[in-house]
Amino acid sequence: MIIPFKTSEHGQDEYIICLRSPMTVAELRERMLQRAKVSQGSYAYQLIDNLHAQIFIRSLDLKADYAIYFAREYASFFDYLRRRERLPLEIVARLAEAFDMSIGMYYYKLGYAFLTDTYGLEFLTRLVEDMPQGELS
Amino acid sequence: MTLSLLETLNSISTSLAILAHQIRAEALAGLGSRNKVAEHVLLPVLRRMYNAPGLANTNALAANFPGIDLYDSSSGLGVQVTSEVTAGKITQTIETLVAGSFPLTRLVFALAANTVPRYRTETRAKWRISTKGRFTFDPKADVLAFDDLLTRIQHLPMADISAIDAELQALVRGTHQIHLVPHLQNQVKAQLAEEQRIARYIPNVFVETQDTKYQARCFAHPTLFIQRIAAWFNRQPLAGLNRLATMSGVPTVSMPSTEALVAADTLERAVAAAQAFMKDIENLDMMLTPYSEIGRSGGAAIPRDTARAHVLNETQYYIEMTAEGTKYRLRNRSTELRCVTARVFLLTGPAGQGKTNFLCDFTERFLLRHNIPCAYITARQISRFPYSDLNDVVRQLIFPSAVTTLEEGLTTLAAPCAERQQPFVLVIDGLNEHPDVRTFAGQLEHFLETLVRYPYIRVLMTCRSEFLEQRFGTLLSGPLAPILHLSKAHGQRFDQEQHRELVARYFRFFKVRPSRVARRVIDFLQRDVLLLRFFCEAYGARGRNSQYKQPVVAGIYRDEIFRRYVEDKLGRAEHSVVSDRSMPRPLVHRVELRRVLSLVAAHMLDAGQYANVSRTVVAAALDAELTALLDEELVLRHDLGPAPSLLAEPNEVLSFTFDEMRDFLLAQHLLDVHARNPGEFARLVALQQPTHTQGVEGMQRFLFYASRIPTNRSFFESYRTHSWYGAVYDTEVFAVPPMYLDAEDRQIVEAVLTSGDARAQHFAREIALRWETSVFPILNLEMLLTVARHADQSFFSDVLVPTFGHASYGQNTLGEEFCRFVETRVLPEFAPNEEHPYDPIFRLLLLLLPIGANPTLDSPAVTVFRQLIAGHPAYALGLLQEALHDGLRWHRAFVWRLLSVAVASIPDPAPFIVLAHADATSDRSDTLIRRESERFITCVSAERTL
């Protein structure tokens with residue numbers, strides 16, 4: 001599940017990417033590169049590789065962060081997201097619902113201009129989502 | 001449960017390790033009381049090891065035994081217990097014993113250390129010779145450290161080993177340690193409960209800035225949060241910059257290793273790793289500086305690949321931005337690491353920023369939930385002890401009576417802190433609240449110097465910023481400065497959702513029933529947190545008896561809020577002195593409490609200055625009352641006033657805590673003066689110049705409110721003609737509870753509305769919001785509708801259009817807001833056959849049909865009214881018919897248009913057709929009315945044909 005939202009302060013696009021299948025970071029990288037159908041050594045390859053790193057290496061995993069550092073302080077993940085991360089109520093409710101089913105929740109603050117709006121969400125979904133429509137058939 | 005040999009030996013090993021840790025901690029603190037503890041601890045062990053049941057502490061024996069701590073008279077065994085492990089110490093002891101006549105047969109050194117140092121062979125030989133045969137001393141066997149003890153204990157019978165284990169546990173991990181941490185937890189919980197009781201702590205409200213809280217976390221739990229700092233660096237914060245650098249042909253920047261941070265599993269290691277990494281960050285920051293100026297002269301030194309110059313030309317701006325952003329984030333990490341190393345954390349900020357609430361929240365949610373050993377005290381509590389030994393006062397406040405000195409208590413905490421790898425955090429709230437700040441500041445510095453000698457003790461404090469520089473300035477510049485972290489609290493910005501949550505939480509805490517508070521009041525309170533606090537204390541059931549029934553609150557009536565609030569505070573001040581069991585305090589009475597407030601108010605009015613009244617204005621005889629009021633806060637506060645000269649000390653002064661509260665109390669004082677002496681009232685009022693200052697305007701408002709209270713009728717009769725009354729009438733008449741208004745107010749407002757000027761627009765705006773006739777019987781929307789019904793065409797252009805159709809740039813008009821209110825709040829709750837209370841709303845909606853309309857006669861009001869037609873056609877038709885009969889011309893065309901839309905719902909169109917024909921042919925009708933009335937006739941015909 002990918003939840004897009006805009007920060008109220010700057011109107012910047014942000015995403016929270018919730019992973020359900022247990023996969024290693026390397027496996028995720030392979031999946032993204034494969035789905036993007038990029039050739040090794042190409043600019044596109046580097047782009048996707050870097051996007052993978054931006055999301056799954058350089059972004060904060062909210063679920064792990066809560067479990068390791070804040071679970072004692074905040075009675076629930078909901079409380080942590082609301083009070084500490086100050087995420088909008090609607091987003092918090094969706095994330096709290098997805099908590100048990102997710103193995104990681106990556107708070108990705110946009111690094112590429114082309115990932116904004118509807119196109120950005122669609123692009124990320126096709127690359128990252130556990131079960132994109134194309135794979136169902 | 002019987003422990004196995006291995007478990008028992010492990011337990012003994014743990015006890016000895018803790019003892020070694022305690023002794024080392026004491027040595028660092030320059031103290032030595034643990035040596036004495038070590039004597040007690042080792043005594044039973046040595047008795048068993050040397051089969052010397054008579055071995056006793058020499059202090060307990062009558063004779064003097066220089067150089068010997070433990071002695072067995074039957075075997076002649078003498079033991080010295082020492083944490084000093086130097087060869088010189090042993091040499092000196094031997095020489096002392098040889099020189100004396102002490103009947104010693106064997107000498108043993110028990111070192112309070114983990115291992116025996118490696119003494120040189122020559123030294124050991126020298127020791128043997130120095131005994132001169134007076135007693136046996138084998139340097140190899142008779143110098144014992146804890147690891148030797150453990151080895152020898154293993155060879156004892158199991159019963160002895162178990163007994164030693166039990167004795168060690170009792171002595172090392174004994175009474176104090178077992179009970180001290182739970183005792184401290186209870187102390188903290190009791191203190192937090194007290195802070196809640198006196199409403200200084202309101203749980204679950206958003207109070208703190210993110211930065212402050214995070215810094216406090218790093219300070220109070222370094223071993224955990226240093227890992228999070230390391231995790232941030234491990235997420236490659238330089239990756240973006242380095243990617244750009246590689247593309248652009250400039251060198252990348254390497255990240256320092258976080259290995260030491262990750263490995264920091266003890267408090268000491270965390271501090272050391274943080275100190276080292278702060279230096280690494282400093283270097284990294286220096287390396288980033290040229291990148292942040294790569295397009296300018298500052299970045300000229302960075303080597304570049306000329307083949308990639310064209311790329312750098314495009315990317316240099318992004319490199320600068322990224323480098324600058326990284327530098328900024330590094331500064332935050334550096335601050336956090338500084339908190340890891342700090343021993344004192346001082347939170348400062350102006351009054352009303354929620355410092356106490358933050359501290360309580362942090363203690364409850366963080367310290368207690370992480371099981372961090374801690375204690376919570378306030379400077380106010382400290383001030384209630386009549387003597388000046390701050391160490392002893394703190395001991396009494398936090399430790400059980402069995403702990404006889406502060407040092408003993410602090411030393412005992414070494415073991416639980418070492419076990420948890422957490423510091424002990426002493427929380428001290430409100431340094432500035434000590435009535436004798438000057439003396440207290442000196443004591444505090446000395447006290448903190450004592451505390452920081454213990455490496456596992458940390459102190460978290462708050463102080464108002466005004467007092468910090470003046471009274472506690474030496475903390476920032478003296479010997480404590482390098483280990484003190486200063487954090488500045490500032491107000492938090494909330495979004496609308498958070499404001500809503502804030503109000504809900506305040507209501508829950510103060511037991512305010514939202515069902516008895518009008519929605520408009522709740523909306524208003526979301527915008528004013530301070531008023532929210534006063535409101536909750538004034539109306540909430542918290543702290544009141546079970547008979548209390550919260551009144552229905554239909555509006556923000558400040559006079560009533562402050563009146564109830566002050567009454568309540570005076571009662572609490574009286575009660576808190578009676579119920580304070582910590583210290584005997586003189587009782588105070590409400591009459592004297594009022595007198596203190598009155599004295600301060602009188603002085604302000606006489607001087608025409610509404611703050612900083614010298615504390616000496618309140619006579620010493622009223623000192624108890626003044627202290628009680630200061631304790632209650634939120635009414636009166638003391639500050640440091642400006643110093644009269646460069647060489648003089650600033651004076652302590654009194655002010656009312658908040659401006660509105662001050663204006664209310666000044667008005668109350670004037671009211672009182674008027675009752676006793678109207679001439680004096682006139683004199684004081686005349687003194688207040690210029691009359692447009694904020695303070696005077698506030699007094700005018702509160703005097704106006706007071707004059708409208710029925711019990712103050714005689715004041716009203718004389719005051720209503722006063723210029724101060726008229727100056728605020730237009731705005732404040734709507735801030736008076738509706739039941740205090742009368743027919744004269746209605747006449748005044750009606751007269752103003754018909755005049756059609758700017759005042760009319762103001763009144764129209766105010767009464768449009770008061771649509772509930774049952775709640776607002778005098779000044780309400782119905783009144784506006786009546787005036788409009790009888791007004792000529794100019795009322796629309798002079799009053800309705802500017803009131804409902806004009807707005808500042810970027811803002812919604814009142815008409816748009818009104819339509820949104822009807823659409824989102826009224827229509828969804830609008831039940832058939834229960835329309836009546838909403839009549840005025842829809843009648844106003846009809847009046848607003850032309851406002852904001854386009855040439856096709858669409859407008860916000862038309863859109864909403866169409867929804868009404870769709871949902872409630874009969875009711876809507878009734879209103880439209882009524883509008884036609886009213887005969888107003890400005891919205892008549894819109895009414896016809898809406899009827900055309902609703903034509904299918906009209907059961908009998910005949911009466912409408914008559915009116916439509918009349919409009920279509922009347923000379924009074926303009927083109928628009930003619931066109932729309934004809935359209936209606938056409939629509940009816942079309943409907944019939946169908």
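Each chain gets a letter, A, B and so on, in the order the sequences are listed, and its residues count up from 1.
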Judged by modelled atom types alone, do Arg228(B) and Tyr214(B) share a side-chain donor-acceptor pair under 3.5 Å? yes
Side chains of Gln191(B) and Glu195(B), donor plus acceptor under 3.5 Å: yes
Judged by atom type as modelled, is there a donor-acceptor pair below 3.5 Å linking the side chain of Gln196(B) to the main-chain atoms of Ile202(B)? no
What residues of residues 367-375 of chain B sit under 4.5 Å from chain A when only non-hydrogen atoms are counted? Arg369(B), His370(B), Asn371(B)
Taking the six-membered ring of Phe56(A), is the NZ or CZ of Arg29(A) close enough (under 6.0 Å from the centre) and on axis enough (within 45°)? no
Contact origin within Gln227(B) toward chain A - heavy atom pairs under 4.5 Å: both
Within residues 79-105 of chain A or reaching into it, pairs that qualify as ring pair (Phe, Tyr, Trp, His ring centres under 6.0 Å) - sequence neighbours excluded: Tyr66(A)-Tyr80(A), Phe70(A)-Tyr80(A), Phe77(A)-Tyr80(A), Phe77(A)-Phe99(A)
Any chance you could lay out the side chain to side chain donor-acceptor pair (under 3.5 Å) test for Gln421(B) and Thr223(B), step after step, and finish with the verdict? CA-CA 7 Å; Gln421(B) 290 309 336; Thr223(B) 49; over 6 Å; no
